[in-house]
Q: 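Questions regarding the structure given below will be posed in turn.
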Amino acid sequence: MNKSTRSMVIWWVVIAGIVVLGIYQLFNRRDPVYQLATSDFHKYITSDPKVFGGYLTLDEEWIEGRFHENSIENVEARILQNVPRQEWETHLPPNWKGEFRASRDPIDDYNIQAKLDEAGIRYNVEPPSKFPQGLLIFGTTIVPLLIFLGLMIFLSRQMQGSGNRALSFGKSRARLHSETQTKITFEDVAGVDEAKEALAEVIQFLKTPKKFERLGGRIPKGVLLMGPPGTGKTMLAKAVAGEADVPFYSISGSDFVEMFVGVGASRVRDLFELGKKNAPCIIFIDELDAVGRHRGAGIGGGHDEREQTLNQLLVEMQGFEDVSGVILIAATNRPDVLDPALLRPGRFDRQIVVDLPDVRGREAILTVHTKSPYKIADDVDLEILAKATPGFSGADLENMTNEAALLAARSDKPEIDMMCFDEAKDRVIMGPERRSLVISDEERRITAYHEAGHALMLHFVPESDPNYKCTIVPRGRALGVTAMLPLEERHNMSKKRLLAHIIFALGGRVAEEIIFGEQTTGAQNDFEQATSLARRMVTQWGMSHLGPLTFGRRDEQVFLGKELGVHQDYSEETAIAIDKAVHDIVMECYKKARNILETNLEGLKLLADALLERETLVTEEIDEILGPRPQLPSRPIV
Ligand code: ADP
Ligand code: ZN
């Protein structure tokens, strides 16, 4: 190359650069945008839909929108809460005006529009392409040319430069967590003692692989953690790495299945390469079900790309034999859909269930999460909180603590007190209070009697759990709430307790009928609960005159607890008998509820009046109004 052509080339490059930059600018003139995690977005929809302002825009990949200007401060505080100050700018763009975008989950959010509708959030759906025609022509002719040019230059530079760094498309995106970064230990993961015990061996092995090899024991290769979301599976895997003091590489199953054909398989290869190079270490695959689904089970005759990835994974695990010191840990909440080949010996043959925590587990998790820097007030009783949060996962509990801290900060309290926790718990369950909701006096009166009716049932039916709180402050979609405090964790319910629960559910409507002589629509959810319990008593638990049989075979989604469908495996006559038995149970309970209310009419009125005046009543206040709670003659048999 002589001198003049070289300077020509340079000029061309400069011009091309300017054009490309200009086009880039043209398409990217927008306010700074916060990249919201998809999971956080879903949390906002369910727990705090009011934070969004205006319309959201949905396209195939992204959800974009703005937080409501009144909420920006709160949201900002929430985002920055756990971030060291020097990192603020990398989390929130400077001059942030509330714009965000979140990527859509291509697998799981097919019903996002229904969720948004339910939460009352408005949205626009973007048509696939909105390019003006002129730009389209420009884009399809000139831009590729420029890109090509740029690529040529880039490549020639790369080849001159050291090594060959271009074209590393398929590289797995496993992130390296060296122990100095995130030292999570078993102490941070609470309430999952069985899982920890099962993993202790893995740690031993990682620490002293020689010992195991010498004795000829078969070394665990793959560990599968199965359990509902938010139960600490990721934490456990990290803790294993932390305890054994080895590097931790993580990748999500959904990272494998994206973009170009063939990338997934090559990512798997890279990932194992990485592991072998850095042994001993832990490779963690989250959402294994995204790659590991039953082969040939995809919609429309299987998903080739995914199958290739899965096959590659199986091949790599097979050839793993001679590599010591690399342990594969995977997590899933859908073990039922996994390809059986993954679970064979030599693959993920160690399976550990990480279930939702029980009451003691919840207390332990709360203890971990309320350590400093949180300032907890003296009146906070973690035992009571643990009892009042059945069904909460570790992540829910963390979320609750976080909410409580925010609430305390918002009301300028020096410490987080029980009131904050209580409110936070209700928020996590049902969304924030809606004090602004306009309710007529008449409606308020009906709600007060309805909730008082529920509360009376809890008070006067000795087999039921006692009252915890009764309120007529609307929250989420409910106009009022009566909550009970389970005295102990129960895995097995007696018939009497089930009946007590149905009576409790019916109490609200019966009170309305007695006082107003009217029926309203507010009791739908109560009836659903009552009916479903009664039906299960008949069809699953053999608690009716139809005898100790089960009726109907059901497909349940493990862990998610949702029934996917029931197959009728009985005759039409039996169906009629079942319906009648269900009806009998509910009507029997209805009569009992009516009886209790009619004999305690005075108490009902006092309680409703107190609710109208004070809005929220707690256990002691209810007991004070209704008198001491009748006790069971003998110890309840549970
Ligand atoms: P999973 O991988 O099972 O979905 P994660 O490990 O990602 O759940 O947990 C999410 C968050 O919930 C964690 O960051 C942690 O703060 C909290 N968490 C969940 N389970 C526990 C637990 N057993 N002990 C302490 N914290 C927990
Ligand atoms: Zn009700």
Side-chain angles (χ1 to χ4, degrees), residues 37 39-40 43 82 182 184-196 199 224-240 242 248 250 252-253 284-289 329-334 352-358 360-371 374 386 392-402 428 446-458 470-472 474-475 477-484 501-513 519-530 559 593:
S39 61
D40 287 347
K43 258 183 225 158
N82 294 319
T182 48
I184 291 186
T185 64
F186 269 178
E187 238 171 73
D188 302 315
V189 200
V192 281
D193 295 338
E194 286 119 9
K196 282 195 214 166
L199 286 167
L224 182 61
L225 302 174
M226 317 185 290
T231 44
K233 298 183 292 298
T234 311
M235 270 190 108
L236 271 171
K238 279 189 191 166
V240 171
F248 177 81
S250 79
S252 169
F284 177 65
I285 304 181
D286 204 358
E287 300 175 50
L288 180 67
D289 42 289
I329 302 183
T332 181
N333 50 26
R334 296 294 311 273
I352 299 174
V353 175
V354 188
D355 219 336
L356 288 173
D358 62 4
R360 266 188 290 144
R362 289 196 298 275
E363 195 181 337
I365 293 173
L366 280 171
T367 313
V368 169
H369 280 290
T370 49
K371 275 194 203 139
Y374 287 119
F392 271 44
S393 69
D396 291 333
L397 291 168
E398 190 206 5
N399 191 5
M400 178 178 87
T401 318
N402 207 26
V428 172
I446 294 176
T447 309
Y449 274 97
H450 180 104
E451 299 307 330
H454 282 310
L456 230 70
M457 298 302 130
L458 292 183
C470 184
T471 176
I472 56 167
R475 182 182 289 284
R477 273 183 301 168
L479 289 179
V481 178
T482 303
M484 56 185 112
H501 198 93
I502 298 177
I503 295 173
F504 158 69
L506 297 175
R509 156 60 72 83
V510 179
E512 287 180 44
E513 280 178 7
Q519 301 179 332
T520 69
T521 56
Q524 181 198 348
N525 188 271
D526 295 339
F527 295 159
E528 272 167 14
Q529 277 193 32
F559 297 126

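Each residue takes its place number in the sequence, starting with 1. We count ligands from 1, going down the list as the structure has it; atoms in each ligand are counted the same way.
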Q: In the protein, which heavy atom is nearest to atom 24 (N) of ligand 1, and how far is it?
A: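 Here the closest protein heavy atom is Ala190 N, 3.0 Å.
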Q: Any heavy-atom pair between the side chains of Gln519 and Glu512 that's under 4.5 Å?
A: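 Contact flag for Glu512/Gln519 side chains = no.
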Q: Ignoring hydrogens, just give me the one of Ala195, Gly232, Ala331, Pro229 whose non-hydrogen atom is nearest atom 8 (O) of ligand 1.
A: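 Going through Ala195, Gly232, Ala331, Pro229 one by one, Gly232 has the nearest heavy atom to atom 8 (O) of ligand 1.
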Q: Closest N/O/S atom of Asp526 to the Zn ion (ligand 2), by atom name?
A: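 Looking at Asp526, the N, O or S atom with the least distance to the Zn ion (ligand 2) is OD2.
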Q: Does ligand 1 have an atom that lies less than 4.0 angstrom from a heavy atom of Val368?
A: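 No.
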Q: Quick one: does His369 get within less than 4.0 Å of ligand 1, heavy atoms only?
A: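 Yes, that is the case, since the closest heavy atom of the residue is under 4.0 Å from the ligand.
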Q: Measuring from the heavy atoms of Gly191, does anything fall under 4.0 Å of ligand 1?
A: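 Judged by the 4.0 Å heavy-atom criterion, Gly191 does not count as contacting ligand 1.
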Q: To check your reading of the model: name the closest protein heavy atom to atom 12 (O) of ligand 1, its residue, and the distance in Å.
A: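 The closest one turns out to be Ala395 CA, 3.1 Å.
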Q: Taking both backbone and side-chain atoms into account, decide whether Glu451 has an N/O/S atom under 2.8 Å from the Zn ion (ligand 2).
A: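 It does not; every qualifying atom lies at 2.8 Å or beyond.
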Q: For atom 2 (O) of ligand 1, which protein heavy atom lies nearest, and how many Å away is it?
A: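 Ranking protein heavy atoms by distance from atom 2 (O) of ligand 1, first comes Thr234 OG1, 2.5 Å.
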Q: Starting from atom 15 (C) of ligand 1, locate the nearest protein heavy atom and write down its residue, its atom name and how far away it is, to 0.1 Å.
A: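 Closest protein heavy atom to atom 15 (C) of ligand 1: Met235 SD, 3.4 Å.
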Q: How wide is the angle at the Zn ion (ligand 2) spanned by His454 NE2 and His450 NE2, rounded to 10 degrees?
A: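 It rounds to 90°.
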Q: Could you check whether any heavy atom of Gly230 sits closer than 4.0 Å to an atom of ligand 1, since that is the contact criterion I want to use?
A: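 Distance cut 4.0 Å: Gly230 passes for ligand 1.
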